[in-house]
Amino acid sequence: MCRIGSIKSKVPIQPSTALRLMLPQQEGHDNSGFAMVMQDLYGIFSGYKDKPLLSLACTQRGAQLVEEYMDAHNFVQLAEWIPIPDKQPGLDIQAMPYYIFRNYDYPEDAEKMTKAQKEDLLLDTRLALRKILEEANAGFVYSFWPDVLTLKEIGDPRDIATYFHLWDDNGCLVAKSIVAQCRQNTNYDIVRYAAHPFFLQGYTLCANGENTFYTKNKEFQKSLHRGYIGFESDSQCFLNTLHYVHHELKWPLTYYKHVITPLPFEEIAEREDKEVLTAIRQSLANLEINGPNTIIGVLPDQRMITCCDSKKLRPVVVGRTDDMVAISSEVCGINEIMPDRDQTKDLYPNEREIVVIDNDLEVQRWKQ
Amino acid sequence: MEAVKTQDVGINDLPWKIEYHAERCTMCGSCVASCSFKAIKVEVQAQSITTSEDSQPNPVHHHIARPIIKQVDSLTDFCRGCGMCEKICPNNAIRAVRNPDTRKTLLSKDNGPIKRGGRTNLNAQRTLDSIVVGRISQMTDPSLDAARHTFDIRAPFGRVLSAKELPFEIQDGKLVQSKHTPPVDWIYPLIFSDMSIGALSTRAWEAVAMAVGYLNEKCGLPVRMSSGEGGMPVKLLESEYLKYFIIQIASGHFGWNRIIKAMPHMVTDPAGILIKIGQGAKPG
Ligand code: SF4
Ligand code: SF4
């Protein structure tokens with residue numbers, strides 16, 4: 001099992017805080033990579049919060065291909081940050097030649113577009129870039145969305161942080177929300193796309209555990225939406241379902257839990273809303289998940305959520321202070337970054353709830 | 001010498017063959033006495049043996065008649081494989097062995113005239129014998145663990161709408177169903193091939209219907225049975241038991257008229273209607 005963690009803060013934080021949350025939790029295959037999604041950015045991207053930000057790891061050829069595509073599709077480059085790596089010898093990192101984080105302005109004709117049309121444009125652009133890079137074997141594109149930055153790399157997270165100067169706290173990368181994970185895939189091939197967290201149209205998700213309904217989730221999801229691709233990791237299914245229930249069906253978030261871990265038939269029969277719950281279970285039986293797992297997610301409105309499998313077989317704890325909330329697989333990580341918090345206020349979510357942290361850091365527990 | 005006809009029954013036509021060791025047999029006769037099917041008998045067998053006991057070749061010819069136990073080659077007094085002889089024999093000298101090449105069904109015409117084509121009459125393998133019941137946890141990779149995974153084999157039976165078609169409205173942050181949806185039952189998706197009840201005798205379908213009713217009402221097993229092509233006896237269509245039956249309507253149109261005529265008299269809905277569009281195999 002891998003450890004996952006996330007921080008939501010009133011004061012913008014730097015990636016080193018996320019690293020300090022994750023590193024003490026090392027166990028087994030952990031610390032074989034580092035991946036994070038930062039949302040609600042301050043630092044160097046703070047002036048472009050409403051402009052889509054492209055996160056890319058590629059070769060020189062890849063950078064060229066991306067530039068050509070974006071030019072041809074009338075995206076106008078605004079700000080850019082290309083980290084200059086610390087290439088000191090002995091670092092455990094399988095780095096790509098270039099890491100590019102670049103803000104674009106929408107093409108001119110996007111002005112008339114609705115919010116949904118813009119969202120589709122960004123998704124389709126990312127999918128097109130991914131295809132181009134994949135065909136040329138020239139790199140990876142992780143996200144293309146306003147106010148969202150993704151970094152994924154293979155190696156020792158400490159060394160990866162050194163390589164990108166993340167320990168320096170130099171103020172380049174600063175955000176109010178970070179989701180992080182320190183491990184490469186161990187079930188399938190090691191591919192950068194397989195590393196959590198995953199991102200899709202404003203939704204970020206990482207999961208600790210396994211999904212034994214991977215195949216049936218995957219086969220069904222493939223038919224639901226063009227954005228549900230890759231499936232390099234069984235945990236991507238959790239993200240696709242979250243996106244489908246909340247973004248496509250536009251159902252309230254609580255129903256995400258009813259879809260992935262439906263109540264037993266006997267319990268549904270006792271409830272007032274049994275008609276609705278039964279219909280959901282029937283129509284979305286193929287999105288049910290199985291096996292031990294914990295999910296951490298971030299929604300397009302920046303709310304952060306966590307929930308567990310129906311038997312609560314994987315650990316998760318929520319710790320909080322007045323201006324920061326952290327979700328983490330193990331409490332030792334939270335102790336590291338918030339040693340002075342009131343530990344009696346720590347939450348250990350149960351198998352039948354979704355914990356939601358809103359933008360005022362109010363923690364709500366929604367019972368399924 | 002006795003005349004032999006090609007159609008005579010031989011031991012190898014029978015479902016069981018006796019494996020007998022004359023050298024161990026003491027001729028106590030227990031096996032023959034114990035066989036309630038008269039499938040074995042004592043017979044005298046002629047043997048012609050040439051032996052030589054000296055250091056130089058000195059052949060002596062013996063012609064002996066010795067009693068042995070022999071299987072009866074009869075379509076009525078055939079060995080049933082009950083194993084009584086083997087149990088009773090003090091010397092491990094006899095036992096019955098299944099004969100995979102039996103032609104008994106063919107020769108005895110137990111089931112009417114010999115059928116050609118379709119299922120082979122020679123095949124001794126029986127489907128139900130080769131069903132292996134195992135733990136699902138041992139058949140997957142990675143292996144599943146009942147404590148860690150939820151198992152529920154029920155499946156929806158009926159017309160399931162896609163999530164986008166569900167007539168839901170949001171009221172106070174909750175989904176509310178605004179229209180009816182087609183009825184769906186959650187069943188155990190264990191299906192035995194549809195069998196033509198219409199082709200059964202009255203006694204037989206009554207027995208089947210009662211068995212299905214018993215499984216549901218006494219054992220709490222949600223068993224449903226399909227009529228198969230050919231419709232159903234009117235008595236069953238108009239009975240309470242219909243709720244446990246799935247009426248099959250097939251391309252051959254057999255039994256349609258009976259179903260239509262019975263509809264006004266039905267006291268309950270059938271468990272389902274199964275529309276068979278194509279026909280798979282037609283033996284013969
Ligand atoms: S197995 Fe039974 S039927 Fe067959 S010969 Fe022995 S006693 Fe008779
Ligand atoms: S019971 Fe055994 S020993 Fe006795 S006659 Fe039969 S085969 Fe021979």
Side-chain angles (χ1 to χ4, degrees), chain A residues 1 186-187 209-216 220-221 223-225 234 241 244-245 248-255 258-266 268-269 271-293 309-314 351 366, chain B residues 134-191 216 219-224 246 269 271-273:
Chain A
M1 87 180 215
T186 42
N187 300 344
E210 64 201 42
N211 176 11
T212 31
F213 280 168
Y214 167 63
T215 306
K216 84 172 187 179
F220 186 60
Q221 288 173 349
S223 69
L224 292 179
H225 195 274
D234 53 5
T241 299
Y244 189 69
V245 171
E248 296 299 298
L249 296 174
K250 303 195 174 18
W251 291 353
L253 186 63
T254 25
Y255 292 94
H258 284 294
V259 170
I260 56 170
T261 59
L263 293 169
F265 289 107
E266 313 81 77
I268 289 183
R271 290 180 49 134
E272 246 172 52
D273 53 354
K274 57 174 177 257
E275 249 193 343
V276 168
L277 297 188
T278 311
I280 292 177
R281 178 150 201 187
Q282 270 152 215
S283 298
L284 294 177
N286 289 325
L287 293 183
E288 189 182 338
I289 61 166
N290 204 350
N293 47 63
D309 64 88
S310 58
K311 294 187 174 178
K312 170 69 189 173
L313 290 161
R314 284 285 152 99
E351 67 278 15
W366 295 353
Chain B
R135 293 182 57 159
I136 181 104
S137 58
Q138 292 163 354
M139 296 175 196
T140 57
D141 178 26
S143 59
L144 300 178
D145 173 346
R148 279 153 48 105
H149 299 86
T150 330
F151 294 98
D152 194 338
I153 58 168
R154 270 183 281 184
F157 177 61
R159 190 158 74 88
V160 175
L161 298 180
S162 82
K164 288 202 164 162
E165 293 170 321
L166 290 173
F168 284 170
E169 281 167 9
I170 301 177
Q171 282 174 19
D172 302 330
K174 291 202 155 189
L175 293 176
V176 181
Q177 195 166 311
S178 56
K179 274 188 253 153
H180 278 297
T181 51
V184 175
D185 281 325
W186 282 79
I187 59 159
Y188 287 94
L190 186 63
I191 296 177
N216 278 280
C219 311
L221 289 174
V223 175
R224 300 291 180 269
I246 298 164
D269 282 339
I273 308 282

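Each chain gets a letter, A, B and so on, in the order the sequences are listed, and its residues count up from 1. All values reported here derive from a predicted model rather than from experimental measurement. These numbers come from the heavy atoms of this one structure, side chains and all, not from hydrogens, waters or symmetry mates.
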Student: CZ/B:Phe168 to CD1/A:Ile280 distance, rounded to the nearest 0.5 angstrom?
Tutor: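 The CD1 atom of A:Ile280 is 4.5 Å from CZ of B:Phe168, to the nearest 0.5 Å.
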Student: Give me the atom names and distance for the closest heavy-atom approach of B:Trp186 to A:Gln282.
Tutor: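 Answer, listing the atom of B:Trp186 first, then A:Gln282: NE1-OE1, 3.0 Å.
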Student: Can you tell me which of A:Ser310, A:Ala279, A:Pro264 forms the most heavy-atom pairs within a distance under 4.5 Å of chain B?
Tutor: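 It is A:Ala279.
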Student: Name the region of B:Ser162, side chain, backbone, both or neither, that has any atom closer than 4.5 Å to a heavy atom of chain A.
Tutor: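 For B:Ser162, the backbone is the part near chain A, not the side chain.
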Student: Any idea which heavy atoms bring B:Ala163 and A:Trp251 closest together, and the distance?
Tutor: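 Between these two residues, the closest heavy atoms are O-CZ2, 4.1 Å.
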Student: Determine the minimum heavy-atom distance between A:Pro252 and B:Gly173, stating which atoms define it.
Tutor: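 Result for this residue pair: CG-O, 3.3 Å.
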Student: Taking B:Leu175, B:Val160, B:Leu166 one by one, which has the highest count of heavy-atom pairs under 4.5 Å against chain A?
Tutor: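 When all of B:Leu175, B:Val160, B:Leu166 are compared, B:Leu175 has the most.
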Student: Looking at every non-hydrogen atom in both residues, tell me the closest pair between A:Glu275 and B:Gln177 and how far apart they are.
Tutor: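 So the two residues come closest at O-OE1, 3.6 Å.
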Student: Please find the pair of heavy atoms, one from A:Lys250 and one from B:Ile170, that lie closest to each other, and give the distance.
Tutor: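 It is O-CD1, 3.3 Å.
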Student: With a cut-off of 6.0 Å (strictly less than), are more than 12 heavy atoms of other residues, nucleotides or ligands near NZ of A:Lys216?
Tutor: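 Enclosed: over 12 neighbouring heavy atoms sit under 6.0 Å from NZ of A:Lys216.
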